[in-house]
Chemist: 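Let me begin by handing over the structure; questions about it come next.
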Amino acid sequence: MIKITLPDGSIREYPVGTTALNIALSISEGLARNVLAAKVNNEVWDAQRPISNDSTLQLLTWNDTEGKATYWHSSAHLMAEALESIYPGIKFGIGPALENGFYYDVDLGERTISTEDFKQVEDKILELAKKKSQYIRKEVSKQEAIKYFTDKKDEYKLELIEGLEDGKITFYTQGDFIDLCKGPHLPDTNNIKAVKLLNIAGAYWRGDEKNKQLTRIYAITFPKQKDLTDYLTLLEEAKKRDHRKLGKELELFMFSEMVGGGLPLWLPKGNILRERLIAFMKKLLVENEYQLVTSPHIGNSILYKTSGHYEKYGKDSFQPIHTPNEAEEFLLKPMNCPHHIEIYKFKPHSYKELPIRYAEFGTVYRYEQSGELHGLTRVRGFTQDDAHIFCTQEQVTEEFMKLIDLVLKVFKALGFNDYTAQISLRDPNNKTKYIGSDEGWNKAEKAIIDAAAAKGLKTVTELGEAAFYGPKLDFMVKDALGRKWQLGTIQVDYVLPENFSLEYIGADNQKHRPVMIHRAPFGSLERFIAVLIEHCAGEFPLWLSPEQVAVLPISEKYHTYAEQVFKKLQSVNIIGNLDDRDEKIGRKIRDAEVKKIPFMIIVGEKEQEENTISLRRHGKGDIGSMSITQFITLVETEIKSELEKK
RNA sequence: GCCGUUGUAGCUCAGUGGUAGAGCACUUCCUUGGUAAGGAAGAGGUCGAGAGUCCGAUUCUCUUCAACGGCUCCA
C-alpha cells in the first residue's frame, strides 16, 4: 500500500499502482467524471497513470488552469487525428494548449485549408471524440521514436526528438493517432463535447523565418456545448468593444494613409479624453512632488549613443535626421530619459534635494515593424506619462512603494479593479543581454521585490523579462471581459546614471551616483485609452466622458430655453452638445443613446415654464425632472466619487 | 519585416469583362413632434494606387500601399 496525501491534509492508503482516477472514484463518482489530470508531487500527471510511491495528490478539473491546459492539449491531439484522417500524409509541428484553446502547426504539403473546411474538421473531431478513445502513454527509446517518425516521414517530430534525452521520451496514442508528447493527457476523448476551429495563420517552424512556414490552426473545445456558446458570445462582445471600431464610431481618433500607419490623429472628442487624463495625472504629480519639464521631439544622436540606446536599437529605429551643413545627426526622440538626465545635470545636486522627480507627457517615436501596428495599442508615435526619479540607493525601496500607490490610485479611478504585478528580472542564464554591473542589478532586483512585498502586491516573477538596463515592475490589468493588458510600468536603472556620470553630493561631502527610476502609470496615453475604451465599452466614467450631456429640446419653440440650459452647464464645465436639429425627440434620444452620452436633458413646454429639466440616463431611461442646480450637484457628486475611489 | 486575407459613397456592405448599387449619414423641403429611427426629394464614387492582358478592366494578371489575422520583434 502507498500513502496518498490530499490537499486538505488527509492521508489515505491505496494499493501500489493506483491512479488518480481510481482515487477520485473512491471519493465520489461525480468527482471521477470531472477529473482531467492530477498533480502528483506537484507534477502534472495523467489521471490514469499508475502511482507507485507515497505521494501528494491534487485532482485537476476544468476549474484548474492545469486541468484546462491538459484538456486543450489533448484536444490538440484529437484535432491532429481528425486532420490526419482528412488529409493523409500531413506532417505535424507542435500543438500546445493556450490560455484559451489550443493550436496545432501542420505542414499540409501542396494542399491548403480554409475556413470552409472547418466544419468538416469539427465534425470529424466530434465523431472521434465519441469513440471514447483512451489516451495511452508509452515510454519509448530514442531509437524507436526516430524509427516511427522516419517511417512517417515527419521531419518536424524528428527534429524535436533530436533535442530530447533518451529514456525520457514518451508517445501518446489515442484512436489511430500516435504523437510524440510528454503529456499529460485526459483519460479519454469522451470529455470533448464541443469544438470550434477559430482561425488559421502562418507560423514558421520554431518561430524562425528561415524555416518553412507551417499552417497554424487555432481551435477551442469545451466539455459542454453551453461553454462554447458562452465563449463565442464573449468573442462577439470583444469585437463590439474593439477600440478601433469604437474609436471610429465615437469619433475619438483616426488614422490616415497620408499621415502614415501607426501615427494616430486625435479627433476633438478623443482629445478631450487625453486632456482629462493628463489633467488628472498632473494633479497627482503635483501632490507627489514631481516637477514638470519639457523636452523637444528630436535629440542629437550623441545623446542616445551615450545612453546606449543607439547601439542597442539604432538600426531598428527611424532613420536619423542629418543637418545639411554641420554633419550633425539627430534622432526622433525614442524615449524621454536622456533628456531628463541632461536636465538633472543642469546644476550640481545635494543629497538634500533628492529624490528629484522630473515628469513630462513626452511624445516619443519608435519604428515598429509594419506588421506589428495595431490600433492604438501598437503605434509609431505615442505619448508617455513619463517621469524619472533621481534618488539615493537608500531611497529606492520607498520610492517604489510610493509609485505602487500612485499606479493603484490611477487604476482605481478608472475602474480597473483586477490587476496583478509582474516583477521582471534578468535571465540568469543569459546575462550578456543586459548592460550594467551584477551588483547594481542585484540591488535593483531586491529593491523591487521588497517594495512589492511591503505593499502586499499580488505578483508573478518572470525571469528574462527585464529591460536591458534594469529590472522592472509591470502592472497587468484584467478588463471587463477578463482579458489581460499590460499598462503601468516602474523600472529601476543603474545603467544610465553610470553612462551619463550622474552625481550628487552626499552628507559626507563626497560625490555619489544617484539611482534612476523610470515610471509611467498609464504606460502610454494611446495604449491606456485603447484599453479603457475596451474595458468600459465606450461608456466612459462621467469625469472622462467627452460628451457628458446632450440637451434635447422637444421642438424649435424651446431652443432658446435649451440654449440657456446648455450655457449654464458649460459655465460649470459640464460639456456636451445641444441637439437643435429638426427632429422628433425620440430620434434625438436614440442618437444620444447610440453615442453613449451619459446624460440626456429633455426640455419642452413643461420644463420651460417650471424652469426645470427632464433627465434621462444612458442605458437606464427616464429619471424625472429637477432643477438645473440639482443636476449640476448630481454630476459633481458623481465625478467626485469616481475620482476618490479607494 | 515574413505568410495569409481584405480594399467599392463619410460609415456598414452588396455587385459585375461592356465605365456601379443598398441602408445609414449628408443637403433641401414638408412636419413642431414628450423619452431609442416622422415623410419626400436630392446630391455624393477615376470601385486603394500603378502597370499589363483585352476592342473594352472596378471585375483577370503582376507590382505597390494600407487594414485585418498570425509569426518574428518591442527601449
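Predicted model only: the values in this text are computed from it and were never measured. Sequence lines set the chain letters: A, B, ... in the order given, protein chains first and strands last, and positions in each chain run from 1. Only heavy atoms go into these numbers, but all of them, side chains included; no hydrogens, no water, no symmetry mates.
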Chemist: Taking only residues two or more places apart in sequence or in another chain, which ones pass side-chain contact (heavy atoms from CB on, under 4.5 Å) with A:P546?
Modeler: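 Result, side-chain contact (heavy atoms from CB on, under 4.5 Å) vs A:P546: A:L252, A:K269, A:I272, A:L273, A:F540.
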Chemist: Taking the P atom in each of B:A67 and B:U46, what is the distance between them to the nearest angstrom?
Modeler: 22 Å
Chemist: Please determine whether any donor N or O and acceptor N or O are separated by less than 3.5 Å between the side chain of A:E593 and the base of B:A36.
Modeler: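 Side chain to base: pair present.
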Chemist: A:F599 ring centre to A:R617 NZ or CZ under 6.0 Å, with the angle to the axis within 45°?
Modeler: yes
Chemist: Which residues within residues 374-390 of chain A lie with some heavy atom under 4.0 Å of an atom in RNA chain B?
Modeler: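 Per residue number, the list reads A:H374, A:G375, A:R378.
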Chemist: Mind checking ring pair (Phe, Tyr, Trp, His ring centres under 6.0 Å) for A:H535 and listing every partner two or more places apart, or none if nothing turns up?
Modeler: A:F416
Chemist: For A:R581, enumerate each residue passing the salt bridge (Lys or Arg N to Asp or Glu O under 4.0 Å) test, keeping only those at least two apart in sequence or located in another chain.
Modeler: A:D579, A:D591
Chemist: Could you list the residues that satisfy ring pair (Phe, Tyr, Trp, His ring centres under 6.0 Å) with A:Y218, not counting sequence neighbours?
Modeler: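 Checked A:Y218 against ring pair (Phe, Tyr, Trp, His ring centres under 6.0 Å); matches are A:Y103.
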Chemist: Give me the distances for all protein-to-nucleotides 39-46 of chain B N/O pairs that come in under 3.5 Å?
Modeler:
none

Chemist: Stems in RNA chain B: runs of 3 or more consecutive Watson-Crick or G-U pairs, distances under 3.5 Å?
Modeler: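 RNA chain B stems, ordered by first number: B:1-7 with B:65-71, B:10-13 with B:21-24, B:26-30 with B:38-42, B:48-52 with B:60-64.
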Chemist: Tell me, please, which residues at least two apart from A:Y558 pass ring pair (Phe, Tyr, Trp, His ring centres under 6.0 Å).
Modeler: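 Scan of A:Y558 (ring pair (Phe, Tyr, Trp, His ring centres under 6.0 Å), adjacent residues dropped) gives none.
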Chemist: Name all residues meeting the side-chain contact (heavy atoms from CB on, under 4.5 Å) criterion together with A:T377; count only those two or more places apart in sequence or in a different chain, and write none if there are none.
Modeler: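 In terms of side-chain contact (heavy atoms from CB on, under 4.5 Å), with neighbours along the sequence ignored, A:T377 is linked to A:H243, A:H374, A:W485, A:R527, A:A530.
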Chemist: Strictly under 3.5 Å: I want the nitrogen or oxygen pairs between protein and nucleotides 10-12 of chain B, one per line.
Modeler:
residue: B:U12; atom: OP1; partner: A:K248; partner atom: NZ; Å: 3.1

Chemist: With sequence neighbours excluded, tell me which residues meet side-chain contact (heavy atoms from CB on, under 4.5 Å) with A:V594.
Modeler: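 A:V594: side-chain contact (heavy atoms from CB on, under 4.5 Å) contacts with A:R590.
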Chemist: Holding to side-chain contact (heavy atoms from CB on, under 4.5 Å), I want the full list of residues that pass it with A:T489, two or more places apart in sequence or in another chain.
Modeler: A:K472, A:D474, A:Q486, A:Q491, A:A520
